[in-house]
Amino acid sequence: MNIRTLAEKTPELIDQKVTIQGWVHTRRDHGGVIFIDCRDHTGIVQLVINPENLADFSVAESLRDEYVISATGVVLERGEGLKNPNIPTGSVEISVENIEILNKAETLPIQPFSEQQANEELRLKYRYLDLRRPKMQSMLKKRAQMFSFIRNFMEKEDFIEVSTPILANSSPEGARDFLIPARLHEGKFYALPQAPQQFKQLLMVGGVPRYYQLAACFRDEDPRADRLYGEFYQLDTEMSFVRDGEEVRQMFDPLISSLVTDFAGKELVFDEIPRISYTEAMETYGSDKPDLRYDMKLVDVSDIFSSTEFGVFKNAECIKVIKVENGASLSRKQINNFTEIAKSEGAGGLAYINYENGEAKSPIAKFLSEDELSELKNRLEIKDGDAIFFGADNRKIVNKVLGRLRVEFADYFGLKDENKIALCWVVDFPFYEWDESNKRVDFGHNPFTMPRGGIDALIGAKTDEEKLLIVADQYDMVMNGYEICSGGVRNHNPEVLYKAFGHLGYDEKYVEDKFGAMLNAFKYGAPPHAGCAFGVDRMLMELLGENNIREVIAFPKNGNGVDVMMNSPSIVDEDQLKELGL
RNA sequence: GCGCCCGUAGUGAAGUUGGUCUAUCACGCCUCCCUGUCACGGAGGAGAUCGCCGGUUCGAAUCCGGUCGGGCGCGCCA
């Protein structure tokens, strides 16, 4: 019995007898001699099959692509002119003395090794074939390496990993839950956790100084290109005796920075990860997750038009512009496209000025005064070839419209350098937000965050307007325009929690009903604590340069939450339902 | 729930101002030939009711309506 050899090791085993097991990658049948490229997880090695060396040559002749084989033979150095410099094992080949078919394969429904990649639906249906592709193999390895990288860091920093329940409780705030009927308790349900939020806080009360978990999280919400349906993974963390979010941010700056450089081999745009307030992010980039690989800031020019005669500007609460370098080259048709995008975000239209040959050309130029035009040119440091685009409306819409256009322009002009990663922390999110559909104040993020200023800040705020000014010690990390982390200093004080809900019209009983376990725990000596959770799938997607999150998952569901390979979800037996009382 | 886009042999594409489309190409597949290829080569072959249903028309892959499936976005979600 020969020891099983890996393809990549064969160049070191010249003149030795080896057994290799793998798949028929390609076959080249010359009528007499047959060449088989045998593939295992380490690479490809050429098998040479001569009729005189093999008892039953018909076995070799019957081989087809993706048959699973075991071949035994001697590793030979290839002669001059026969070496293949295109593969790592190209200097050797295995002269086969025995070949065994371990399993046949029908013609594959997709061609995993072809340049032409099958559409995603087929790739997902035959994921086990798709996973044979080197790119997917590499992805699986990278993911494992990333998890290992993270665990090393966390352990070095004295975080301990705790597994929290998968069968948990429905949470009243946040996303839609997956419910699990409780067989032992008719009419009652478990829920899959949207995040281990409450458990990790209880761990703090339980005296765990630093917790982490690479945790599965479950949310029944519609997916996006950067958001999986159903389940995803978070690096969930929490630290006790932390009262300022900056302490958490500084803890994780080196981890994420080294994931970018050491793990992913990409270039950081900033050595020091910048902190930007939520307000500044919204005002300057029109987004709470700005992509800082490119500049294109929103510039407020309301003051320039304080006494304008131009009706559209005259009636606007806020006027901002973004300068697009080389934007004057945009065709009429392109500008129409951007105008449509602006309208889809709520703009009435899209005013612009092109600067060409020292002139400001624009459909609205005739409405603007010399002073206004020259002040614009100065403030934006206009060069020939630039264009500027206006947002004029209420502040919220202006930010939204120009924030979206900023991203669209960056796409159009190729400003998103795939080799660069711009990280930033967006800090000081509003504690409450205005819920337009219900015409009332509601929590901006999760309700467990500590307002800056503690209970005094809450007591001081009487009107809706005042409540909306309260800031939470809540922070997100943003990577190239993707939110990859969300965290906050938690509210570990029952009194403050009651008050926070009280401002929204909920009485103490409501809070006790919904968060009884946590409130109870907080009575018995809860240390202050803070933490955050990183979306590892989304991070990996960006670090590997993918633009769809399903590309970094072994078995993702499609956009309708269907696993087209396993056909889940599916009908279950009547008996199963009966047992559950359904 | 809403909006935009897509659906043609096993796979990827072309064809979509209606008519030589009896649907083109590449890869794959099958048969035969070939003892040094490595994306082997050569000869031949099979394989598509153009997602589905209906309509307009002398005539539909092509136009219209509906429907199903998929992708992206909004809503939703941190």
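For the numbers below, each heavy atom of this structure counts, side chains included, while hydrogens, waters and symmetry mates do not. Just so we're on the same page: letters track the sequence lines, and every chain starts at 1.
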| said: Measuring from the side chain of Arg219(A) (C-beta onward, heavy atoms only), which nucleotide among C77(B), C29(B), G36(B) has the closest atom? | reply: C77(B)
| message | Pairing check on U49(B): which nucleotide meets the Watson-Crick or G-U wobble criteria with it, both distances under 3.5 Å? | response | none
| field | U56(B) versus G71(B) - spacing of their C1' atoms, nearest Å | value | 31 Å
| query | Between G3(B) and C52(B), how far is it from one C1' atom to the other, in whole Å? | reply | 24 Å
| field | C2(B) - base-pair partner by Watson-Crick or wobble geometry, distances under 3.5 Å | value | G73(B)
| field | A46(B) versus C32(B) - spacing of their C1' atoms, nearest Å | value | 15 Å
| Does any N or O in the side chain of Arg227(A) come within less than 3.5 Å of the main-chain N or O of Ala225(A), such that one atom is a donor and the other an acceptor? | no
| query | Under 4.0 angstrom, heavy atoms only, what part of the nucleic acid is Arg538(A) near: base, sugar-phosphate, or nothing? | reply | nothing
| remark: With the side chain defined as heavy atoms from C-beta on, Arg78(A) is closest, among A39(B), C38(B), G71(B), to C38(B)
| said: Is the distance from the ring center of Phe252(A) to that of Phe534(A) below 6.0 Å? | reply: yes
| request: Could you pick out which residue, Ser114(A) or Val48(A), lies toward the 5' side of RNA chain B when each is mapped onto its nearest nucleotide? | output: Ser114(A)
| Between Asn548(A) and C72(B), does any side-chain N or O lie under 4.0 Å from OP1 or OP2? | yes
| query | Counting only N and O atoms by type, is there a donor-acceptor contact under 3.5 Å from the side chain of Asp537(A) to the main-chain atoms of Tyr233(A)? | reply | yes
| task | Give a yes or no on whether the backbone of Thr449(A) and the side-chain of Gln474(A) come within a donor-acceptor separation of less than 3.5 Å. | result | no
| In whole angstroms, how far is the P atom of C32(B) from the CG atom of Asp29(A)? | 11 Å
| query | Are the ring of His30(A) and the six-membered base ring of U37(B) within the stacking cut-offs of under 5.5 Å and under 30°? | reply | no
| message | I'd like to know if the side chain of Asp393(A) reaches the main chain of Ala347(A), judged simply by a donor and an acceptor atom lying under 3.5 Å from each other, with no hydrogens or angles considered. | response | no
| task | Look at the side chain of Arg224(A) and the base of G75(B), then say whether one donor and one acceptor between them are separated by less than 3.5 Å. | result | yes
| request: Quick one: label Gly174(A) by what it contacts on the DNA or RNA (base, sugar-phosphate, nothing), any heavy atom closer than 4.0 Å. | output: sugar-phosphate
| Would the Tyr432(A) and Phe443(A) ring centres measure less than 6.0 Å apart? | yes
| task | Evaluate the salt bridge (Lys or Arg N to Asp or Glu O under 4.0 Å) criterion for residues Glu246(A) and Arg249(A): first the C-alpha distance (whole Å), next the side-chain angles of each, then the deciding distance (0.1 Å), finally the verdict. | result | CA-CA 5 Å; Glu246(A) 184 56 24; Arg249(A) 297 191 286 273; 2.9 Å; yes
| Taking the side chain from Arg143(A) and the backbone from Leu540(A), do they hold a donor-acceptor pair closer than 3.5 Å? | no
| Phosphate OP1/OP2 of U35(B): any Asn50(A) side-chain N/O under 4.0 Å | no
| Just to confirm, is there a sub-4.0 Å distance from OP1 or OP2 of G73(B) to any side-chain nitrogen or oxygen of Arg227(A)? | no
| request: Provide the distance between the two C1' atoms, one in C5(B) and one in G44(B), to the nearest whole Å. | output: 42 Å
Check nucleotides 11-13 of chain B for protein N or O atoms closer than 3.5 Å to its own N or O atoms and list the pairs.
{"unit_1": "U11(B)", "atom_1": "O2", "unit_2": "Gln116(A)", "atom_2": "OE1", "d": "2.7"}
{"unit_1": "G12(B)", "atom_1": "OP1", "unit_2": "Asn119(A)", "atom_2": "N", "d": "2.8"}
{"unit_1": "G12(B)", "atom_1": "OP1", "unit_2": "Asn119(A)", "atom_2": "ND2", "d": "3.2"}

| message | OP1 or OP2 of C40(B) versus the side-chain N and O atoms of Arg28(A): is any pair under 4.0 Å? | response | yes
| request: In whole angstrom, give the distance that lies between atom CD of Glu345(A) and atom C1' of C4(B). | output: 14 Å
| message | Using atom P in both nucleotides, what's the gap between U24(B) and G45(B) to the nearest angstrom? | response | 14 Å
| query | Over how many whole Å does the gap from Leu108(A) atom CG to C30(B) atom C1' extend? | reply | 17 Å
| note | From CD of Glu340(A) across to P of G3(B) the rounded distance in Å is 16 Å
| For the pair made of CG in Asp37(A) and P in C38(B), what is the distance, rounded to whole Å? | 11 Å
| Mate of U37(B) where both pairing distances stay under 3.5 Å, Watson-Crick or G-U | none
| query | Can you tell me how far P of C2(B) sits from CG of Asn560(A), to the nearest Å? | reply | 13 Å
| query | With a non-hydrogen cut-off below 4.0 angstrom, is Gln197(A) in contact with a base, only sugar-phosphate, or nothing? | reply | nothing
| field | Distance, C1' atom - from U22(B) to G66(B), rounded to whole angstrom | value | 31 Å
| field | Partner nucleotide, any strand, of G7(B) [Watson-Crick/G-U, under 3.5 Å] | value | C68(B)
| note | pair_partner(G44(B)), Watson-Crick or wobble, both distances < 3.5 Å, evaluates to C30(B)
| said: Any base atoms under 4.0 Å from Gln46(A), or only sugar-phosphate, or nothing? Heavy atoms, all strands. | reply: base
| query | Quick one: does Arg27(A) reach the base of U37(B) with a side-chain donor-acceptor pair under 3.5 Å? | reply | no
| request: Provide the distance between the two C1' atoms, one in U67(B) and one in G28(B), to the nearest whole Å. | output: 33 Å
| Touch check for Gln194(A), heavy atoms < 4.0 angstrom, all strands: base, sugar-phosphate only, or nothing? | sugar-phosphate
| field | C1' gap between U11(B) and G65(B), integer Å | value | 32 Å
| query | Hey, does Thr107(A) reach any base, or is it just sugar-phosphate, or nothing, if we go heavy atoms under 4.0 Å? | reply | sugar-phosphate
| Taking the six-membered ring where the residue is Trp, are the ring centres of Tyr294(A) and Phe409(A) under 6.0 Å apart? | no
| note | Glu61(A) CD to C30(B) C1', in whole Å, measures 16 Å
| message | Expressed as a whole number of angstroms, how long is the span from Ile36(A):CD1 to U35(B):P? | response | 16 Å
| message | Please check if the number of heavy atoms outside Lys83(A) that lie under 6.0 Å from its NZ is greater than 12. | response | yes
